[in-house]
2 protein chains.
Amino acid sequence: MNQSALGKELIGIDLFAADLASPERKSRSLIESVMHRLRIEIVQGVLSAGSRLLIDDLQRRFDVSGGTVREALSLLVSDGLVHAKTQRGFFVAPMSLQDLEGLTRTRVALECESVRESVKCGGSEWESNLVAAYSELIRSDERVMRNPDDEFDRWEIANRNFHRSLIGACSSDWTYRFLAVLNIHLERYRRLTSTRTLPERNVHAEHELIFQSALARDAEQCSLLLRQHIESSVSVVRQFALLR
Amino acid sequence: MNQSALGKELIGIDLFAADLASPERKSRSLIESVMHRLRIEIVQGVLSAGSRLLIDDLQRRFDVSGGTVREALSLLVSDGLVHAKTQRGFFVAPMSLQDLEGLTRTRVALECESVRESVKCGGSEWESNLVAAYSELIRSDERVMRNPDDEFDRWEIANRNFHRSLIGACSSDWTYRFLAVLNIHLERYRRLTSTRTLPERNVHAEHELIFQSALARDAEQCSLLLRQHIESSVSVVRQFALLR
DNA sequence: AGGTTAACGATAATCGATTTTTTTGATTTA
DNA sequence: TAAATCAAAAAAATCGATTATCGTTAACCT
């Protein structure tokens with residue numbers, strides 16, 4: 001990665017959406033630990049969208065003081081998973097079809113523009129990273145076909161890495177940051193479609209076309225395919241008719 | 001505005017970058033008040049980029065408890081003005097040329113894509129809002145020529161409103177949110193070019209062309225002009241050669 | 001009955017003190 | 001000299017208790 005540090009040691013928004021539960025995420029403080037646990041519970045839907053986050057409850061549940069809970073929640077406001085209203089507490093960010101569409105449109109804007117730039121100005125390092133990420137994704141594709149339950153999480157990581165390396169050449173820390181936020185929210189919607197079965201539509205084929213157009217340095221084509229790829233994954237979720 | 005509430009009452013990121021000091025910003029809690037004051041000091045450079053934010057100092061300076069300061073700082077992590085590192089405190093977000101470029105690239109991606117959509121699908125409401133915002137901007141242009149010092153802040157607001165109404169038809173809450181974050185950071189860079197004199201290059205003419213192409217429903221042209229407009233405003237700041 | 005106020009329980013906000021952790025600077029050791 | 005050690009000093013993290021605010025219900029008045 002040619003990126004600057006992007007403050008791996010900074011706390012706040014989560015840059016590694018997919019591997020939420022990865023083991024090496026050792027928390028160095030109670031605040032961080034509570035923040036992390038809350039994030040998982042929100043993304044997984046244990047704490048349901050829109051519901052209130054009562055300090056007292058959480059304080060008891062996590063066996064920490066109120067202040068610690070409040071600070072963890074305040075930090076979670078960063079990635080928009082938690083909303084805060086003055087004098088009336090914290091809430092899990094609500095979900096809605098409108099929100100999902102906004103999420104997607106914004107992702108399209110950022111990711112498609114970035115891939116255009118990357119394809120144009122990506123060097124050999126970008127190219128080899130991309131190739132590596134793609135072949136890892138294919139391998140993961142096969143594995144996940146064989147036994148979906150065990151491999152799904154790893155497939156998601158491979159998928160995310162592929163998307164990241166597509167835009168790896170040109171995007172800024174800010175773009176990364178925002179895409180990370182969008183991703184963690186999108187993951188929340190994906191988990192709503194409970195069944196972790198692999199999508200019926202041929203994601204695999206879509207990836208292949210995107211990959212090839214990137215290598216062929218066809219920026220416009222690549223961007224277009226990527227847009228369709230992203231947008232079509234919405235319609236899958238949309239079928240579940242989220243209310244509001 | 002056709003937007004959903006976008007939680008005006010939510011605290012966290014600041015959606016009204018320009019009118020930081022506007023009077024009706026009554027804070028309903030100490031946390032909010034401290035957060036607000038800190039935000040102003042950071043954007044204005046009173047607290048310099050990269051510097052440490054010591055709890056003890058701030059606690060004394062604002063005459064509140066440490067916990068209150070910590071929570072205010074944690075909330076400021078949302079809009080990236082404050083960085084937090086576990087067990088070693090809070091910092092003012094650093095500034096660098098690279099950061100400025102990333103900020104700009106990301107803004108271009110979001111704003112240009114949004115304007116494309118808006119120009120395509122904007123209805124009469126969008127159009128009349130745009131016309132209103134533009135004419136207000138012209139009026140502000142004139143006023144600010146006459147006496148720059150007094151009117152500058154108001155011009156910035158008019159300018160921001162013009163940009164917002166350009167993309168008003170189609171963009172999502174997420175896009176708004178991100179653009180607000182980018183804007184407040186860009187404002188920090190603008191203030192670095194101390195002199196609040198109006199830009200030499202003809203911003204006025206650029207705005208006019210953008211406005212006209214929007215009304216003419218020439219999405220591509222409008223997007224292109226907007227891109228150039230945004231990018232050229234960077235080079236102004238760039239001259240000041242921020243180090244690091 | 002309709003609306004206003006009063007009181008109370010629940011919850012958020014805030015503080016001051018205490019405990020950990022990091023940083024610093026002097027001293028020792030290889 | 002450079003690295004390692006260790007003991008304050010500084011700062012962050014955390015807690016438990018207190019205070020302020022909100023929402024709801026009950027009493028009250030015309």
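Within every chain, numbering begins at 1; the chains are lettered A, B, ... in the order of the sequence lines, protein sequences first and strands thereafter. Both backbone and side-chain heavy atoms feed into the values below; hydrogens, waters and symmetry mates do not.
- Side-chain contact of A:Ser114 with A:Thr175: a donor-acceptor pair under 3.5 Å is absent, judged by distance alone.
- Going from atom NZ of B:Lys85 over to atom C1' of D:dA13 covers 17 Å, rounded to whole Å.
- Here the side chain of B:Leu30 is nearest to one of D:dT14, C:dT14, D:dA11, namely C:dT14.
- B:Leu54 places its CG atom 8 Å from the C1' atom of D:dA11, with the value rounded to the nearest Å.
- Residue B:Arg70 is classed as a base contact, given a heavy-atom separation below 4.0 Å to a base.
- Taking 4.0 angstrom as the limit, B:Arg60 places none of its side-chain polar atoms (N or O) nearer than this to OP1 or OP2 of C:dG16.
- A distance of 6.0 Å separates CE of B:Met35 from CG of B:Leu76, quoted to the nearest 0.5 Å.
- Side-chain atoms of A:Ser118 come within 3.5 Å of backbone N or O of A:Cys170 as a donor-acceptor pair.
- For the pair A:Phe62 CZ and D:dT14 P, the interatomic distance rounds to 14 Å; values are reported in whole Å.
- Nearest nucleotide to the side chain of A:Val64, out of C:dA13, D:dA12, D:dC15: D:dC15.
- For B:Asp56 and C:dG16, the CG to P distance is 13 Å, given to the nearest whole Å.
- If you check the side chains of B:Gln87 and A:Ser29, you find no donor sitting under 3.5 Å from an acceptor.
- Going from atom CD of A:Glu32 over to atom P of C:dT20 covers 19 Å, rounded to whole Å.
- Across C:dA12, D:dA11, C:dG16, the shortest atom-to-atom separation from the side chain of B:Ser65 is found for C:dG16.
- Comparing B:Gly67 and B:Arg88 by the nucleotide of DNA chain C whose heavy atom lies nearest to each, the residue mapping closer to the 5' end is B:Gly67.
- Each of A:Gly89 and A:Arg28 has a nearest nucleotide on DNA chain C; the 5'-most of these lies closest to A:Gly89.
- A:Glu71 places its CD atom 11 Å from the P atom of D:dA12, with the value rounded to the nearest Å.
- The CD atom of B:Gln59 sits 14 Å away from the C1' atom of D:dT14 (whole-angstrom rounding).
- Comparing A:Gln87 and A:Gly66, the nucleotide of DNA chain D nearest to each residue sits closer to the 5' end for A:Gly66.
- A donor-acceptor contact shorter than 3.5 Å links the side chain of B:Ser74 to the backbone of B:Arg70.
- A straight line from CD1 of A:Ile55 to P of D:dA17 spans 18 Å, rounded to a whole angstrom.
- In this structure, A:Thr86 does not reach the C:dA12 phosphate: none of its side-chain N or O atoms is under 4.0 Å from OP1 or OP2.
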